[in-house]
Amino acid sequence: MLERWTGRERMSAGGTVSGVPRPADFRELPSVFGAVRRLGGQPVPPADSPYVRVLRAQASGDALDVAFDEMWCHVRPDGASHPVQGWKIHVSATTEAAAEVLDRSAEVLLRNRCVFKFASSPDRLALLNSAHYPRQGAAKFITCYPRDDEHFRLLAEELHEAAEGLPGPLILSDRAYRPGSPVHYRYGGFSPRRMLTNDAELVGALVVPGSGTEPVLVPDRREAWFAPPPWARDPLADPAAPSAAPTGPAPRVEVLLGGRFAAAEAIRHSSRGGVYLATDRENSTGVIVKQARRHVTGNSGKTAQTALRHEAAVLGELEALGHTPAKLALFEQDGDLFLAEEKIEGAALRRWVREHSGVVGAQTRREPGVPLPAARAILRQLADVVESVHQAGWVLRDLSPGNVMVRPDGTVALVDLEFAAPAGSDAQPGGTPGYAAPEQLDGAPAAAAADWYSVGALGFLLVIGTDPVFPADSPEPRPARDRMSPWLAAANSAGAAALTPLIMGLVDPDPQHRWTGGEIRAFLAAETPAARPATPGHWPDSTARRVLADGLAHLCATFDQQNTKHGPWPRTCTTGFVDPANVQHGAAGVLAVLTTALRQQPDQGLRDTVQTASHWLRDYVATESRRLPGLHFGRSGTAWAMHDAAGALGDRQLADAAVALAKQVPTDWENPDVAHGAAGAGIAQLRFWQATGDPEFRDRAQSCAEGLAARVVRTGDGIRWPIPAAFASRLAGLTHLGFAHGTAGIACFLLSAGLICDRDDWVSLAADAGRSLVAAAVGADATAALWPSSADDDSDPMEHWCSGSTGVATFLLRLWEATGIQEFFDFADRAATAAYRRRWHASPVQCHGLAGNGEFLLDLGDATGDLRYRQWAEELASTGYLRHALVEGKVLIPDETSVGFGTQYGVGMAGYLGFLLRLRYSLPRQWMVTTPAPRRHRDGGAAPAELSSEFA
C-alpha cells in the first residue's frame, strides 16, 4: 500500500495511544509474522494506527511517500535519498513511550530529510519487544537511513537529545549511542540487495568497497551482537584510533552475578535475556540463574522483569511443598534483573519421554510412548503435585513437558512458574500449545480445571510420544479431544488402550466435566486392564483419494506467480529467505509433484498450473547470475523438474530450456553431497543422459564421478567425503553419513554412475562406502538399525532420509541389488523397522519425516515384492493423516511445524502428496535414476537403453 501525503493533507493525531493488545504466547506460532496476526485478534489497519496518526501530525508542508508492508511504515521525504549501505540508526521504545518517541524522532528526521521506517502499530512493536522475537532484530522500533557519515553523526546526536530519558530496550545487534540511550547504530544494507549463499539462502548482502566493476558481495551479518564488517570504521570513534575488529559474542568466561553466582555456561539465550548454569560460591552447588532485560515483554504479557519478580514470588509461596526449586536470590545488576534458583537434577519430561519411548538414543520400541507402568507412575505423581498446588491456592497455567522435571529417582518437580496465578484471579491468555486449556487461551480467570486439562495432554504425550499439537480447522474448529482420539485408537498399544478413558476425561472441552486428582488416583489404582482395539487394516482408499485430491487442489489454488518475495507458493514460515526455485523449499519441488499428478490423472486445472509454474521457473532462472549444483538446494533439481513438466506438456521450448540449464550446473564443487553439491549434480547429469541420449551429459556425469572418487578420504573409521572447513557454508567441516549431506548419497551416485557407465572401480568404491556405513550403525537389538548424522559426533541417531537410517538404507538397498551382498539388505531391513517403530513422533514431510521414510519402505517393497513394507508405508501415510486439518471443506496435511500449511516439497505438504501419488499409482521414486543390472552395458559408453523422455 502506497500513499502520498502533502502539507494540505495534514491531520491531527487525535487522542492518545491505545492500550497494547494482550499478546498471545509466541511459542504457538510458526513465524513471527504469525504473531502480528494473532496479537490483537484483528490487528489495527496500519494506516489507522496511532503511530501513523502521530506521523501525520508531524508531517511538514513537504510531501512524503509513505508505504506499508506487513510490519513497517516506510517514509521517504521528497528528494531524500540514501546509499545502498552504510551506518544505520535504530531507536527503541516501549509501547507506552512509543508515540512520544516517534513524535520527537519524526520531527528530527523530517527536518533533516532522512528516509526512515517504523513499526506501524502497537501490536507490531509489541512483537519486536517480545522475548521470542529473534535477538538480532529485536527492539528496532525506528530505523533511519542517513545519507553519509556526516548526516549520520548529526542525526544520532539530535535523535539522542530528542529521545533522552524515554524508555526503550537495549538493541543487542547494535552499539548504543550513549550508555542507556534508546538510540543505537550498526553498519548494514539500506537497500534490499540479496545474495545467494552456498546453502541456497537469500541473505542481505554488502558490497566490498573497492571491489571494482564486478562488485564482490559478502553477507550482511545480522548477529545478536555488534559486528560491523572489517572495512567499516565507526563514525563515532576517535579518528586517530585504528579500525577495531568486529565485536563478537563474549568469550566463554566465568562471570560473577550478584557477587555470589559464578556463571560460565548459557543454557539458552533470548531477547528477554539468558538462562545460565552457575555455581553458588557459598556452598559450591549448581544453580540456575535467569536474566530479564529492561523493557522486554515476557511470555505472560508482562514486562520480562515483572514476570521474573512474579516467578520469584511464586517460588517463595510454593517452596514448602517440595515440588519446585528453592529461590536463592533476586537481584539487579547493570540494570537487568536476575533470579537465582536451585538446579533441579534430572531431565525435562519431554526429553524423558523421548528417552523412554525409543525416540532418542539407539533404542526403538515396538509400541508408541513410554511403557505403561512408567506412564502410570508419572500421572499418579502429577495428580498429587498439581492437587497440592491447588490446595495452596495457586493454578500453574503452564503445565507442559518443558516445565515438568523428572529427577533421577523418578520423582517429578515443577520449574518455570512464570504463568502461575492465584486461583480465581484474572490472568493473561497464553500457555504452551497443545497443553493449555482452550478457555485459558481465551482469557478465562485462573482455574484448577485448566491444569487438569494439561495433565490429560501430558498423558497423551506419555502414551503416544508426540505433542497433541494440531493445525487449526477453519471455520469450525474441532475440540482437541476429538483430534486426540484417533491417535489413541490407531496406536493399538497397551498404554493407549489402558489410559484413553483417563486422557479423554481430563481433556473434556467443558471444564466442569473434567476429571480431577481424586478421579485420576482412583482410576490408576484400579488398574483395570483394557482390551486393545483391533489391529487397524489398510488405510481406506476413499480417505487417501480425498487427501490427495484436496491437497492437489490446494496447491493449484495457492499458486501466485506475482509473489516475487518467496516464490509462487506459500512456504513454511520458519525457513526464512530461501531460493524460491529449488526443490527443497521452492517451486521446483511443488511443480514436480503436480507434474506427476498430471501424468496420472489428466486435469485442466493441473495442466494450467503446471504450465504456468514451469514457465515461471524458466523465466526466474534466466535472470540469475549464479548456479548452485545441488539436487535439492541447487539448479540440478530445478532443471529436472522443468524437463519433466515439458514432457507432460509436450513443450519443446521448455525442454530445451531445461537441457540448457542442466548443462550450466557446476559439476566441480567444494561440497560433495547430494542436496547441495557435486553428487546431486552428478545424479541429475545421469538423469539427463538417460532422458536425452546427449553424450555431453554422460561426459559431465563421469567428470563429476571422477572428481568425487579422487576426493575420498579413507581413515580407520572408514570412507568419508568431508566438506572442507574453509568452504563458505554452514555445513563446512562436516562428515555426514546420511543421504542428503554425506557418504550414503555420494556413494549412491557413484554406484549409479558405475553401473550406467560400466565403471567397476566406482562400484567397488561404493561397496567400500557401504561397509563403512554398516560399521557405523547403532541399535539396541538385531531387528532395528539407526545411524547418527555423523560418525564424529555423539548426537542422537535418527531415522530420517536426510541424515539418518532411511537415507543410509536407500543406498544400502541399491548396493544389495547391485552386489548381492546380504549384509547390505539386512541393514536396510533393520532401518525399515526403526523407521516404522518411530513413526508416531515424525512430521508428515519428505526431508525428515514420514513421507521420506515411507518412500524408502516402498523402495524395499519394489525391490523384494514383500507386501509387509508396502503395508508399513500405508501406516506411515495414515499416521501423517492423523495430523490433518479441515480448512474450508478440504483435508489438508500440515508442514514440518505441525500447525502451518507450507507447500514445499522438502518440508511441506507437497512432499507428502508426492509420497501418496507414488503409493497410489506404484510409481518409481522421484529424484533417483534407474540403474541397469551390473555389466548390463558393455558398449563403451553408449546412451542407456531406457530413454524415458518424450524428447529423447
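Numbering starts at 1 and runs along the sequence shown.
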Determine whether a donor-acceptor pair (N or O, by modelled atom type, separation under 3.5 Å) exists between the side chain of [X] and the backbone of [Y].
X: Asp451; Y: Arg397; result: yes
X: Ser805; Y: Ala831; result: no
X: Glu342; Y: Pro325; result: no

Identify whether the distance between the nearest side-chain nitrogen and carboxylate oxygen of [X] and [Y] falls below 4.0 Å.
X: Arg478; Y: Glu476; result: no
X: Arg839; Y: Glu875; result: yes
X: Asp862; Y: Arg918; result: yes

Aromatic contact, Trp352 with His356 (centres under 6.0 Å): yes

Verify whether the ring centers belonging to Trp787 and His800 lie closer than 6.0 Å. no

First locate atom CZ of Arg830, then atom CG of Leu786, and finally report the distance between them rounded to the nearest 0.5 Å. 9.0 Å

Among Asp398, Leu396, Val389, find the residue that satisfies the side chain to side chain contact (heavy atoms under 4.5 Å, CB included) test when tested with Leu417. Leu396

Going by the rule side chain to side chain contact (heavy atoms under 4.5 Å, CB included), which residues pair with Pro438 if we only count those two or more places apart in sequence or in a different chain? Tyr453, Arg514

Sorted by chain and number, sequence neighbours left out, side chain to side chain contact (heavy atoms under 4.5 Å, CB included) with Ser454 holds for Leu399

Establish, for the pair Arg868 and Trp872, whether the NZ or CZ atom is under 6.0 angstrom from the six-membered ring centre and no further than 45 degrees off its axis. yes

Look at the rings of Trp487 and Phe460 and say which category their plane angle falls in: under 30° parallel, 30 to 60° tilted, over 60° perpendicular. perpendicular

What is the ring orientation for His884 with Tyr881, classed by angle as parallel under 30°, tilted 30 to 60°, or perpendicular over 60°? parallel

Determine whether the side chains of His323 and Gln381 contain a donor N or O and an acceptor N or O closer than 3.5 Å. no

Any donor-acceptor N or O pair under 3.5 Å, side chains Gln846, Tyr912: no

With a 4.5 Å heavy-atom cut-off, do Arg354 and Leu349 have their side chains touching? no

Whether over 12 other heavy atoms sit under 6.0 Å from Arg407 CZ: yes

